[in-house]
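Taking it in order: structure first as structure tokens, then the write-up.
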Amino acid sequence: MAELKTETIPGGRPGSGAHRVVALCGPYLSGKTSLLESILFATGAIGRRGSTRAGTSIGDGSPEARKRGMGTEINMASVDYLGDQWTFLDVPGSIEFQHDAFTALAVCDAVVLVCEPSPERVVALTPLLKYIEDRHLPHIIFINKIDSADVRVRDMLAALQAISTRKLVLRQVPIRRSTADGGEETVGYVDLVSERAYRYKSSGASDLIEMPAEILPRESEARREMLETLSEFDDTLLEQLIEDVAPEKSLIYRDLHEEFGSDQISPVLLGAGDRENGVRRLLKALRHDTPFVDVTAKRRALPSNGVAMAECFKVLHQSHAGKLSLCRVWSGALTEGQSLGGQRIGTLLRPFGQRLDKTTEAKAGEIVALAKVEAISAGQTLSAGGVAASADFPTADPPVFALSLAAKNRNDEVKLSGALHKIVEEDPSLSFEARGETHELLIKGQGEMHLKVAVDKLAGRYNVAVETTAPRVAYRETIQAGAQQHARYKRQTGGHGQFADIKIEIKPLPRGSGFRFVDKIVGGVVPRNFIPAVEAGLTEYLKEGPLGQPVVDLEVTLFDGQYHSVDSSEMSFKMAARIAMSEAMPKCKPVLLEPILKVTVAGPSESTPRLQRLISGRRGQLLGYDTRPGWSGWDEVSALMPEAEIADMIVEIRSVTQGVGSFRTEFDHLQELVGRTAERIVEESKKRAA
């Protein structure tokens, strides 16, 4: 069997020492980090399993992750298993840190998608599974926590198949026994290819046991289903099944390998990561079936011609090491001190959790950190031709949550700017901007927890303590009526005085027109050189009208005035314009305008009614809903909503969609706002001005 399998693997074979990369991904609380811990223990990479609860695990080792008991960034560790080199990437499960997961998936050879044994929770896998399938990544589904499962595996398999476009192939069936309380527990499994039965141990490899008689009917049925699925891709196997000929195990193994590598099937394995159950069986499946680096490079249209080329998928900034660019070597090798594409490669580091081990060389397939190569960032390749963008690297989703930031110590403002640039380079799904309309510095991201972690990084890693508040809405104000106004500015303080006299007419304009200035001066009553000063004074006033907001959608006409040959100046006409506006605007029935956004909310179809109620409860005007393009079993709900109602909406969306819903927005129009809400906003503006 081994000879047959190695012949079908191009570019490498099990035991050849070649380096492969596997991502462990899955929803929050699915048990990825505990699974990694057991993998490291089973392969001898660590002498004792750590615990996420006790904060002793290799994964989730950053202070931000330890504080929350959840993954907040990629963790990785390399191991040697039966003569092969492996790097396992433990990626965050929360959708708020999904960009890190996607960047890890971009550089891996295969994926282990970890899930809990709960059909109701399967929907939480959808965003990850769709990304994996869209990019044709070979993937195994590992049903974790099988020791405590109270659901039939066939029901779990049916729920998984409903969200997967690949054929699922169950590789094992559980052996259960009754418990004293009348329930059942999983004590082992039957391998459906070898038809051998095993009993789990709390630590260590499972024991081979005699096949329990009571499991034979279920084992026979499940094995038949597995073979029928594989026969859809192999005519030889199909003929044998039709003729009722027992197929050779070598044929079954070959089909599993080839269909897995070509992303036509997804094997399903069982286990309990925190107890080491099923971990060695998972490792064996990965060892025999995971494609090698040249196959993955070909899938992504990257070169694997022996000439040095690496791709950066993550940047880290560390106080003691500076900038680290995590790269996968796709071709050739990188060596310490090498010059490549105009960049000098200094120290090479191999990450193992939070530890960084120095190395002098990184060969094709390996993941390594390049220290202080400033020119390369995530989504770029480094080769003899220089630094270039990767064609198919994942882009960050638009932000759905924002906070207003201010340094607690005003002397830290310059340091804050530098720190923000670094954390955004580490995580491009974060962004920041100075919002001129509200005079705020905003940080934006994928959710409340995402930004809390960013704030913790600012304080803990960069020593910049910040205060955060909800962002202010960029309200506007306009007028409902017109008015004429005469204004005179006159000062006499000895020597040259100041004098300007103007008459203006104000008219409302249609929504979206902005501000329009009209010059109707005739006969030189206001000299030409002073008219731009009048416009400048008007524009300056419009930054904050009588309701405390910028004024839009009006026309101001200058139609008369006077000047003094000695005392008139640009400044005096600018001041006269401001006086005219401040006296005229209250007469023009000013009204508040709030921004209305077009919002598209995406979520599983069963959550659509709840999403519609959520939108309606936030002053939203529903426009309708439709199926989400390319997403089976998902809808998109469209609505017009006030910007003020969207600030924390993602929290509610996630609560009604099992944590997977999201939304996008675009500005639609400004709409009049009256009543108590408008009065409250005006009052708040006055307090800030005071």
Side-chain angles (χ1 to χ4, degrees), residues 399-404 433 435-440 442 444 469-483 506-516 538-556 581-601 611-624 637-653 663-690:
V400 294
F401 192 81
L403 288 173
S404 175
E433 66 166 316
R435 195 174 193 183
E437 302 127 315
T438 56
H439 310 291
E440 293 174 293
L442 300 186
K444 300 178 179 181
T469 55
R472 295 201 299 272
V473 176
Y475 292 101
R476 300 286 191 272
E477 60 180 275
T478 191
I479 56 174
Q480 296 173 300
I506 304 174
K507 292 179 181 178
L509 290 178
R511 198 72 65 240
S513 301
F515 166 61
R516 187 186 304 157
L538 299 173
T539 304
E540 197 173 280
Y541 171 85
L542 295 177
K543 292 178 182 177
E544 186 175 316
L547 304 183
Q549 309 298 334
V551 185
V552 296
D553 301 339
L554 77 167
E555 177 184 276
V556 180
M581 290 298 291
S582 62
E583 292 177 352
M585 280 294 293
K587 306 174 188 176
C588 296
K589 297 182 182 178
V591 63
L592 205 63
L593 297 174
E594 69 172 340
I596 304 296
L597 309 182
K598 184 176 181 184
V599 182
T600 305
V601 184
L611 290 172
Q612 290 174 320
R613 288 194 294 272
L614 187 161
I615 291 167
S616 297
R618 288 174 171 258
R619 296 194 289 140
Q621 176 191 344
L622 288 166
L623 300 177
V637 182
S638 298
L640 294 176
M641 295 188 68
E643 183 184 323
E645 300 289 344
I646 290 172
D648 61 349
M649 187 172 70
I650 191 62
V651 178
E652 281 194 69
I653 288 175
F663 71 89
R664 63 181 186 272
T665 64
E666 58 180 299
F667 176 78
D668 194 80
H669 65 279
L670 291 171
Q671 183 172 288
E672 291 182 11
L673 179 64
V674 295
R676 292 183 179 179
T677 304
E679 291 170 3
R680 175 180 56 79
I681 293 163
V682 172
E683 192 62 34
E684 289 172 356
S685 297
K686 289 179 179 177
K687 287 179 181 178
R688 281 196 300 271

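Every value quoted in this text rests on a predicted model; they were computed, and no experiment measured them.
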Notebook entry, point to check: Which pair of non-hydrogen atoms, one from Leu547 and one from Val591, has the smallest distance, and what is that distance?
Noted result: CD1-C, 3.7 Å
Item checked: Taking every non-hydrogen atom, the tightest pair across Asp648 and Phe401 -> CA-CE1, 4.1 Å
Margin query: Just verifying a value: how many Å separate Leu554 CG and Phe515 CZ, rounded to the nearest 0.5 Å?
Written below: 6.5 Å
Check: Counting N and O atoms only, with roles assigned by atom type, does the side chain of Asp553 sit under 3.5 Å from a partner on the main chain of Gly512, one being a donor and the other an acceptor?
Finding: yes
What donor-acceptor contacts under 3.5 angstrom involve side-chain atoms of residues 666-676, with partners at least two apart or in another chain?
{"unit_1": "His669", "atom_1": "NE2", "unit_2": "Gln671", "atom_2": "OE1", "d": "3.3"}
{"unit_1": "Glu672", "atom_1": "OE2", "unit_2": "Arg511", "atom_2": "NH2", "d": "3.4"}

Notebook entry, point to check: Taking the side chain from Glu594 and the backbone from Glu643, do they hold a donor-acceptor pair closer than 3.5 Å?
Noted result: no
Next item on the list: Return yes if some donor-acceptor pair links the side-chain N/O of Arg476 with the main-chain N/O of Ala474 below 3.5 Å, else return no.
Entry: yes
Item checked: Contact summary for Gly548 and Glu477, nearest pair of heavy atoms -> N-OE2, 3.2 Å
Note to self: Working to the nearest 0.5 angstrom, can you tell me the gap between Phe663 CZ and Ile615 CD1?
What the structure shows: 10.0 Å
Margin query: For a quick test of reading the model, state the closest non-hydrogen atom pair linking Val552 to Thr478 and the distance between them.
Written below: O-OG1, 2.8 Å
Notebook entry, point to check: In Å, rounded to the nearest 0.5 Å, how long is the span from OG1 of Thr665 to CG of Leu640?
Noted result: 12.0 Å
Next item on the list: Test Met649 against Val599 for side chain to side chain contact (heavy atoms under 4.5 Å, CB included), laying out the working first.
Entry: CA-CA 11 Å; Met649 187 172 70; Val599 182; 4.0 Å; yes
Notebook entry, point to check: After noting the C-alpha distance and the side-chain angles of Arg618 and Glu652, does the key distance pass the salt bridge (Lys or Arg N to Asp or Glu O under 4.0 Å) rule?
Noted result: CA-CA 11 Å; Arg618 288 174 171 258; Glu652 281 194 69; 2.6 Å; yes
Check: Of the non-hydrogen atoms in Lys587 and Ala483, which two are nearest, and what is the gap between them?
Finding: CB-CB, 4.4 Å
Check: Would you say the side chain of Gln612 lies within less than 4.5 Å of the side chain of Val601, judging by non-hydrogen atoms?
Finding: no
Notebook entry, point to check: For atom NZ of Lys598, is the number of surrounding heavy atoms from other residues, nucleotides or ligands below 6.0 Å larger than 12?
Noted result: no
Check: Taking C-beta and beyond as the side chain, do Val473 and Pro595 meet within less than 4.5 Å on heavy atoms?
Finding: yes
Notebook entry, point to check: About how many Å separate CG of Leu597 and CZ of Arg664, when rounded to the nearest 0.5 Å?
Noted result: 13.5 Å
Check: Does the distance from a Lys or Arg side-chain N to an Asp or Glu carboxylate O, for Lys687 and Glu683, drop under 4.0 Å?
Finding: no
Next item on the list: For residues 538-550, pull every pair meeting side-chain hydrogen bond (donor to acceptor under 3.5 Å, both in side chains), keeping only residues two or more places apart or in separate chains.
Entry: Glu540-Lys574, Glu540-Arg578, Gln549-Ser685
Checklist line | Shortest non-hydrogen contact from Met641 toward Ile646 | finding: CB-CD1, 4.0 Å
